[in-house]
Trainee: 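Encoded as structure tokens, here's the structure I'll be asking about.
Count residues from 1 along the sequence. Both counts, for ligands and for their atoms, begin at 1 and track the order of listing.
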Amino acid sequence: MNDTDDSDRELRVSKIRNGTVIDHLAAGQALNVLALLGIDGSGGESVSVGMNVPSDKLAKKDIVKVEDRELSQSEVDVLSVISPEATINIIREYDVIEKKRIERPEAVTGVLSCPNRNCITNADEPVETRFVVLSDGLRCDYCGEIVREDEIATHLDVS
Ligand code: CTP
Ligand code: ZN
């Protein structure tokens with residue numbers, strides 16, 4: 001652990017005992033991450049959010065700390081699309097027990113709904129959504145509809 005001035009400044013968001021710290025998010029992505037995780041405060045979760053926090057790796061970053069929750073793989077997959085630089089830290093009894101450097105998947109399945117109403121995935125068929133990951137968005141594998149990076153949050157299908 002390097003005790004730089006930057007990590008001292010980060011302590012404006014306090015440490016958590018158990019849960020997940022999503023660190024090094026691109027500045028501006030914290031609210032999208034909360035949408036992805038289905039967190040709007042109504043569930044009573046303890047969540048800390050830092051926006052535009054100084055960082056040594058990025059000029060500025062966002063950070064989200066969710067207590068008593070560890071992320072599923074499909075949640076990590078979508079996170080990697082909205083913020084490929086993010087780091088997922090699993091915390092148990094105050095220690096970082098796992099650090100996942102997320103990787104961009106080739107495709108994500110079952111996490112986004114297709115904006116095209118005529119798409120087979122929106123018909124009453126047992127077809128799971130599947131989007132191919134592009135550099136700046138995703139493409140529906142069934143109908144070719146494009147979801148741009150800045151539209152992802154509004155098409156999240158994670159419950
Ligand atoms: N963290 C936390 N609660 C804990 C332990 C860590 O909120 N009980 C946070 C830290 O504030 C940091 C992140 O989890 O934002 C990762 O912690 P750590 O690995 O100790 O920090 P760094 O070495 O700075 O992480 P990195 O190498 O990813 O920059
Ligand atoms: Zn489609």
Trainee: So, is D23 polar-close to ligand 1, with some N/O to N/O distance under 3.5 Å?
Mentor: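 Yes, since at least one N or O of D23 sits under 3.5 Å from an N or O of ligand 1.
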Trainee: Please give me the minimum heavy-atom distance between C143 and C114, naming the atom from each residue.
Mentor: SG-SG, 3.6 Å
Trainee: Given V21, V96, I16, which has its nearest heavy atom closest to atom 9 (C) of ligand 1?
Mentor: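 Closest candidate by heavy-atom distance is V21.
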Trainee: Need one value: angle at the Zn ion (ligand 2), C114 atom SG versus C119 atom SG, rounded to 10 degrees.
Mentor: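 My answer is 110°, to the nearest 10°.
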Trainee: For ligand 1, find out whether one of its N or O atoms is nearer than 3.5 Å to an N or O atom of K99.
Mentor: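 Right, the criterion is met.
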Trainee: If I compare all heavy atoms of A30 with all of L25, which pair ends up nearest, and what's the gap?
Mentor: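 Of all heavy-atom pairs spanning A30 and L25, the closest is CA-CD1, 4.4 Å.
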Trainee: Nearest 0.5 Å, please: how far is CD in E145 from CG in N122?
Mentor: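 Result: 9.5 Å between the selected atoms.
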Trainee: Determine, for E93 against R17, whether the closest basic-nitrogen to carboxylate-oxygen distance falls under 4.0 angstrom.
Mentor: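 Here E93 pairs with R17 in a salt bridge, since their nearest N and O are under 4.0 Å apart.
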Trainee: Rounded to 10°, how many degrees is the angle SG/C140-the Zn ion (ligand 2)-SG/C143?
Mentor: 110°
Trainee: Run K100 and E70 through salt bridge (charged side-chain N to carboxylate O under 4.0 Å, His left out) and show every step you take.
Mentor: CA-CA 12 Å; K100 304 182 191 174; E70 295 181 8; over 6 Å; no
Trainee: Quick check: does Y94 get an N/O under 3.5 Å from an N/O on ligand 1?
Mentor: yes
Trainee: Please list, in number order, the atoms of ligand 1 under 4.0 Å from a heavy atom of I63.
Mentor: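 Within the 4.0 Å cut-off of I63, ligand 1 contributes 15 (O).
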Trainee: Hey, does the side chain of T129 reach the backbone of L112 with a donor-acceptor pair shorter than 3.5 angstrom?
Mentor: yes
Trainee: If we set the cut-off at 4.0 Å for heavy atoms, which region of R17 has an atom near ligand 1: side chain, backbone, both, or neither?
Mentor: neither
Trainee: Numbering the atoms of ligand 1 from 1, which are under 4.0 Å from a heavy atom of N89?
Mentor: 13 (C), 16 (C)
Trainee: What's the spacing between I16 CD1 and E67 CD if we round to 0.5 Å?
Mentor: 5.5 Å
